[in-house]
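Because the structure is predicted, anything quoted here is derived from the model rather than measured. Convention: sequence-line order gives letters A, B, ...; per-chain numbering from 1.
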2 protein chains.
Amino acid sequence: MSSKEQQVLEDFISQNNLKITRQRRVVLNAFLENEEHVSAEDLHRIVKEKESNIGLATVYRTLSLLTQSGLAVELDFGDGQKRYEHNYMHSHHDHMICTECGKIIEFNHPLIEKFQEEVARRNGFTITSHKLDMFGLCADCK
Amino acid sequence: MSSKEQQVLEDFISQNNLKITRQRRVVLNAFLENEEHVSAEDLHRIVKEKESNIGLATVYRTLSLLTQSGLAVELDFGDGQKRYEHNYMHSHHDHMICTECGKIIEFNHPLIEKFQEEVARRNGFTITSHKLDMFGLCADCK
DNA sequence: GTTAATGCAAATGGTTTGCAGGCAT
DNA sequence: ATGCCTGCAAACCATTTGCATTAAC
């Protein structure tokens with residue numbers, strides 16, 4: 001399997017004099033094949049089903065590579081562990097997090113973005129990134 | 001000194017069969033007198049200038065009390081440590097965080113709030129809380 | 001063959017907890 | 001006197017790092 005994502009990772013790896021290893025392929029594929037917004041431990045659990053002795057440290061190190069190469073984005077919902085979401089050809093969006101079942105709904109509202117820019121400009125502030133998280137109950141949980 | 005905030009804390013304390021101690025007063029006052037958005041270590045440093053052997057654990061425990069009693073709000077900007085901001089008679093707002101100097105500008109934009117509600121409704125989602133953080137450079141740092 | 005990557009275990013750093021003595025009620 | 005609170009040190013837990021070995025190049 002040689003997805004576009006695999007190409008992106010391999011390009012990044014060769015541009016930095018790094019090496020393509022079996023473990024990195026396994027972690028990347030597990031990341032791509034599974035649901036968005038996994039934590040490192042989630043991925044480690046998934047990956048160990050195929051390849052029993054991949055270390056947690058390797059998963060962390062690979063996630064860091066995926067983040068640097070632009071394939072993944074680190075999310076922090078303030079619950080003490082980071083999640084990673086897919087980022088390849090995946091445009092900016094914000095999150096609604098169901099505090100009951102953990103479901104994450106992505107959304108984007110162009111006017112919200114526009115007003116953010118406006119508030120920033122009014123304060124002489126230059127935005128480099130932003131995040132909007134809404135916590136509450138999804139339709140299934142209320 | 002017997003501010004309204006002190007009253008709020010003491011009410012909370014007596015309603016829960018807890019005790020008013022010298023340390024709790026010192027931490028509360030340091031929290032109130034100092035700039036918003038302190039971390040626990042910040043507060044501990046400040047507090048130790050007045051009262052040299054207050055333990056960090058006490059600061060954490062008191063901050064937890066302040067949060068439960070509604071005087072403080074926990075913030076997590078994803079940099080690995082929590083900050084606490086004043087909450088007494090302090091209405092909802094979001095944050096712009098300067099990644100150069102650490103300055104935090106608070107803002108509120110009613111239309112942003114309104115569109116958040118709209119997006120949530122459209123997805124059958126009920127918001128219980130939300131946060132919007134914008135990272136970038138403040139006017140002084142660009 | 002050289003150099004980077006791995007797995008493991010130990011280290012880190014912010015936060016929390018257990019405990020014996022101390023203080024508010 | 002009772003029982004919450006304190007300071008200290010140890011425990012926690014997600015993440016990172018050091019190191020000897022293994023694998024990519």
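A:E74 has its CD atom 10 Å from the C1' atom of D:dT15, to the nearest Å. For the pair A:R61 CZ and D:dC19 C1', the interatomic distance rounds to 11 Å; values are reported in whole Å. At whole-Å resolution of the value, CZ in A:R22 and P in D:dT22 are 14 Å apart. For B:H44 and C:dT16, the NE2 to P distance is 15 Å, given to the nearest whole Å. Nucleotide C:dT25 holds its P atom 9 Å from the CD1 atom of B:I13, rounded to whole Å. One can place CG of B:L63 at 15 Å from P of D:dC5, the figure rounded to the nearest angstrom. Distance B:K48 NZ to D:dC8 C1': 12 Å, rounded to the nearest Å. In this entry the distance linking CG of B:L43 with C1' of C:dT15 reads 15 Å, nearest Å.
OP1 or OP2 of C:dA5 has not a single side-chain nitrogen or oxygen of A:T58 nearer than 4.0 Å. Put simply, A:Y60 has a side-chain N or O that comes within less than 4.0 Å of OP1 or OP2 on D:dT15. Proximity of A:R24 to the phosphate of C:dA5: a side-chain N or O atom is located under 4.0 Å from OP1 or OP2. OP1 or OP2 of D:dA23 has not a single side-chain nitrogen or oxygen of A:Q23 nearer than 4.0 Å. In this model, the phosphate group of D:dA14 is not approached by any side-chain N or O of A:S39 to a distance below 4.0 Å at OP1 or OP2.
Among the nucleotides D:dA14, C:dC8, C:dT6, the one closest to any side-chain atom of A:A57 is C:dC8. Of all nucleotides listed (C:dA5, D:dT15, C:dT15), D:dT15 comes nearest to the side chain of A:Q81.
The aromatic rings of A:H130 and A:H92 stand perpendicular to each other, their planes meeting at an angle above 60°, with 30° marking the opposite boundary.
No side-chain heavy atom of A:N29 sits less than 4.5 Å from a side-chain heavy atom of A:K50. Between A:L71 and A:F12, every side-chain heavy-atom pair lies at or beyond the 4.5 Å cut-off.
B:I13 and B:L32 fall within a single hydrophobic cluster, where Ile, Leu, Val, Met, Phe, Trp and Tyr are joined by side-chain heavy atoms under 4.5 Å apart, directly or via other members.
Projected onto DNA chain C by closest heavy-atom contact, A:K19 and A:G55 fall at different nucleotides, the more 5' of which corresponds to A:K19. Nearest-nucleotide positions on DNA chain C for B:L56 and B:L18 put B:L56 closer to the 5' end.
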- Report the C-alpha distance between B:H37 and B:H95 in whole Å, list the side-chain angles of each, state the deciding distance to 0.1 Å, and finish with yes or no for ring-ring contact (aromatic ring centres under 6.0 Å, His included). CA-CA 11 Å; B:H37 313 112; B:H95 299 98; 5.3 Å; yes
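The base of C:dT15 does not come close enough to the side chain of B:K82 for any donor and acceptor atom to sit less than 3.5 Å apart.
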